[in-house]
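Quick notes on the structure that follows.
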There are 2 protein chains.
Amino acid sequence: MKKVSILDVVEKSGVSLVTVSRVLNNSTTVREINRQKVLQAMKDLGYTPSSAARSLARGSTGLIGITLQTLGDTVFDGIIHAVNESLEAKGYFLALSIASPAQMDNSAVNHFLFQEDRVDGIILLSTFAEKEYVLELKRKKIPFVIIDNHIEDTKAITINVDNFLGGYEATKHLLNLGHTKIMHISGPELYLSARDRRRGYEQAMAEADLAPTVIMAEQFDIRCGFDSVKTCLEHGLKPTAVFAGEDGLALGAMDAFRDEGYHIPRDISIVGYDDQYFAKAIHPRLTTIRQPMEKLGQEAVRILLEMIDGSSKRSKSVCLTPALIVRESTAEWKEHT
Amino acid sequence: MKKVSILDVVEKSGVSLVTVSRVLNNSTTVREINRQKVLQAMKDLGYTPSSAARSLARGSTGLIGITLQTLGDTVFDGIIHAVNESLEAKGYFLALSIASPAQMDNSAVNHFLFQEDRVDGIILLSTFAEKEYVLELKRKKIPFVIIDNHIEDTKAITINVDNFLGGYEATKHLLNLGHTKIMHISGPELYLSARDRRRGYEQAMAEADLAPTVIMAEQFDIRCGFDSVKTCLEHGLKPTAVFAGEDGLALGAMDAFRDEGYHIPRDISIVGYDDQYFAKAIHPRLTTIRQPMEKLGQEAVRILLEMIDGSSKRSKSVCLTPALIVRESTAEWKEHT
DNA sequence: GTGAAAGCGCTAACAA
DNA sequence: TTGTTAGCGCTTTCAC
């Protein structure tokens with residue numbers, strides 16, 4: 001009933017400890033007969049190597065950590081799955097770690113991934129404790145990259161999507177449909193992505209010689225989208241199109257307009273952002289900006305592993321391109337009564 | 001630039017290795033002066049203990065693993081946060097691991113949490129590879145519990161919510177409002193929870209001497225909810241109320257009814273399940289069944305830790321009670337033209 | 001191809 | 001209170 005160790009395998013198989021270790025590590029310098037003997041012994045004994053011992057002996061864990069706060073986001077979900085698969089292909093495992101809101105304060109210190117040498121590298125996914133994390137990770141000399149950073153010029157490697165371009169394209173799409181009264185619902189200032197998307201909107205409007213109208217939502221969520229539209233209508237604003245900084249906001253906005261008797265997209269066009277899972281499930285289907293989640297994850301892994309094995313001395317940050325997905329919530333603007 | 005180890009601390013602080021170790025483990029048998037000396041030396045050196053060495057030496061990792069497939073679910077999100085907090089309070093860390101759809105097949109074998117002795121215990125969160133996992137975990141003698149199991153009588157400790165009761169209560173609520181033509185949209189057979197919710201519905205209907213009408217959705221999602229209602233209406237079914245087995249289904253159903261000119265809740269009442277984050281954000285706000293996510297997480301941790309430290313020989317499965325949340329999507333039934 | 005020996009960094013008896 | 005002495009289970013030179 002006690003834990004079976006490599007020594008038991010040695011005994012059972014009749015070869016030396018070193019040979020067993022070699023089999024474990026797929027070394028080619030083991031005679032086939034011996035390999036079989038060892039494999040058989042392992043099987044019989046139900047042997048599994050001790051990861052602690054291996055990590056200790058070779059100085060690395062084969063684990064990559066990723067930190068996140070929310071689980072309820074299609075984009076993060078997609079990124080994480082991509083990371084997981086890329087990592088697997090490289091022989092690494094992924095350990096996620098959620099930062100509770102409560103941890104927000106002393107987060108960096110309490111984080112198990114950072115605590116000790118539990119992982120070989122870390123991916124920071126859109127964290128707000130970015131500054132502390134970066135400091136702590138640099139101090140501990142743990143290789144890391146950041147996906148979706150929020151600090152303007154972090155001194156770290158980042159993997160991002162061009163949110164400025166996304167905002168620009170979204171607005172441009174509306175402009176091309178003949179809209180001129182285009183309102184933007186922007187997410188919290190805290191998000192660099194929100195700020196960039198807004199800049200993109202403003203740029204597109206400026207280029208069209210149109211005055212921007214932006215409403216600041218307190219959160220990236222449905223309720224805020226709803227409230228934003230309601231207050232805007234109360235104030236007499238009559239946009240013919242809305243570019244929402246996130247799909248949740250867009251969904252809330254749609255709800256609100258419908259509540260006021262608007263038909264989408266006849267009376268109002270709506271563009272969201274992120275292509276959340278519900279975007280193509282609701283009615284009308286939401287036109288939105290999609291982030292290349294797979295690519296984001298893959299790039300993060302590629303760069304991080306480069307940093308770990310030191311193959312590339314000077315890794316560079318990456319900025320990817322988003323894509324406009326046109327669905328049914330936007331239409332050409334036709335004046336009507 | 002080389003890794004600083006406990007030996008460096010020993011040298012710098014002037015005390016013995018064991019004393020340093022004692023400080024590390026908060027042993028009370030260390031003179032305050034020495035403790036300070038050690039602490040100072042650690043700080044100066046920027047020392048952090050090696051988790052691999054610690055795990056190896058004491059035979060446990062202080063890590064608990066949890067497996068999941070989706071990140072986009074409010075209930076799972078809530079459970080995981082609760083688990084994380086409970087664990088933290090007990091000095092454990094939580095490592096999440098997602099099973100890619102691709103892993104579905106040979107999942108148990110490829111799972112890093114199971115692979116070696118990486119964790120002290122595992123929580124299986126609503127997995128479909130339940131059978132394989134259970135087998136593998138038992139073979140490896142890794143303590144584990146299952147939250148939201150899908151196999152009728154798993155030979156394992158489970159923490160669940162009474163889905164039968166939830167379905168019953170949801171239906172009862174509609175019945176109490178005077179509805180008699182109550183349709184149920186059920187989730188995939190694969191889910192034990194879906195089957196139980198349906199049984200609850202059927203029971204309630206039977207008690208009211210009403211014939212049940214159930215539509216099977218292929219997925220717990222918005223699109224399926226939409227399609228279910230559309231086909232049901234095409235077939236001439238005219239329910240006055242719908243109990244959807246999940247909020248996504250409910251949302252899709254609402255969309256479809258609205259699309260057909262129904263007003264909610266005047267013409268049709270809708271009850272969902274799970275109290276997803278959007279349930280109280282959409283319009284009208286969705287009446288639904290809420291699962292005690294915090295309690296689920298806490299209980300899972302409590303039982304798992306009991307199993308690990310062996311304090312309780314015979315842990316028992318737990319079944320918790322869901323709660324009906326009445327909001328605006330349901331109303332008393334009044335005949336009208 | 002194979003094996004003996006020397007760690008990896010820490011904890012846990014056991015004495016002192 | 002503190003230190004000595006063994007390991008924990010595996011990988012990795014370096015000879016054979």
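Proteins get letters first, then strands, A, B, ... in listed order; numbering begins at 1 in each.
Within the 4.0 angstrom heavy-atom criterion, only backbone atoms of the sugar-phosphate kind lie near S5(B); the bases stay farther away. In this structure, V20(B) reaches neither bases nor backbone, as no heavy-atom distance under 4.0 Å exists between it and the strands shown. Residue-level contact check: L17(B) touches the bases, meaning some heavy atom is under 4.0 Å from a base atom. Using a 4.0 Å heavy-atom cutoff across all strands shown, T29(A) reaches at least one base atom of the nucleic acid.
Distance, D120(A) CG to dC8(C) P: 19 Å, rounded to whole Å. Here the P atom of nucleotide dT2(D) and the CZ atom of R35(B) are 10 Å apart, to the nearest Å. Between E32(A) atom CD and dT2(C) atom C1' there is a gap of 16 Å when expressed in whole angstrom units. Between the C1' atom of dG9(D) and the CZ atom of R54(B) lies a distance of 18 Å, rounded to the nearest Å. The nearest whole Å value for the distance from the CZ atom in R118(A) to the C1' atom in dC10(C) is 13 Å. Atom CG in L45(B) sits roughly 13 Å away from atom P in dG9(C) (whole-Å rounding). Between L24(A) atom CG and dG9(D) atom C1' there is a gap of 11 Å when expressed in whole angstrom units. In this entry the distance linking CG of L56(B) with P of dA12(C) reads 12 Å, nearest Å.
One finds no side-chain N or O of S50(B) lying less than 4.0 angstrom from the OP1 or OP2 phosphate oxygen of dG9(C). Dashed line: the shortest gap from a side-chain N or O of S21(B) to OP1 or OP2 of dA12(C) is not under 4.0 Å. One finds a side-chain N or O of N34(A) lying less than 4.0 angstrom from the OP1 or OP2 phosphate oxygen of dT2(C). Using a 4.0 Å cut-off, no side-chain N or O of S55(B) falls inside it from OP1 or OP2 of dC10(C). Phosphate contact (OP1/OP2 of dT2(D), side-chain N/O of R31(B), threshold under 4.0 Å): present.
Checking side-chain atoms of T154(A) against main-chain N and O of A156(A) turns up no donor-acceptor pair under 3.5 Å.
Atom CD of E11(B) is surrounded by 12 or fewer heavy atoms from other residues, nucleotides or ligands within 6.0 Å.
The two residues R35(A) and S27(A) have their closest heavy-atom pair at NH2-O, 2.9 Å.
Using a 4.5 Å cut-off on side-chain heavy atoms (C-beta onward), P143(B) and D120(B) make no contact.
For V18(B), counting side-chain heavy atoms from C-beta on, the closest listed nucleotide (dT5(D), dT2(C), dC10(D)) is dT5(D). Of the candidate nucleotides dC10(D), dT11(D), dT11(C), dT11(C) has the atom lying nearest to any side-chain atom of N25(B). Taking only side-chain atoms of A57(A), from C-beta outward, the nucleotide of dG3(C), dG9(D), dG3(D) with the closest atom is dG9(D). Out of dT11(D), dC10(C), dC10(D), the shortest distance to the side chain of I6(A) is found at dC10(D).
Applying the 3.5 Å distance criterion, the base of dG3(C) shares a donor-acceptor pair with the side chain of R22(A).
With DNA chain D read from its 5' end, the first of the two nearest nucleotides for V30(B) and Y47(A) is the one closest to V30(B).
In this structure, Y133(B) has its ring center no closer than 6.0 Å to that of F128(B).
Using modelled atom types and a 3.5 Å distance limit, the side chains of D117(B) and S51(A) yield a donor-acceptor pair.
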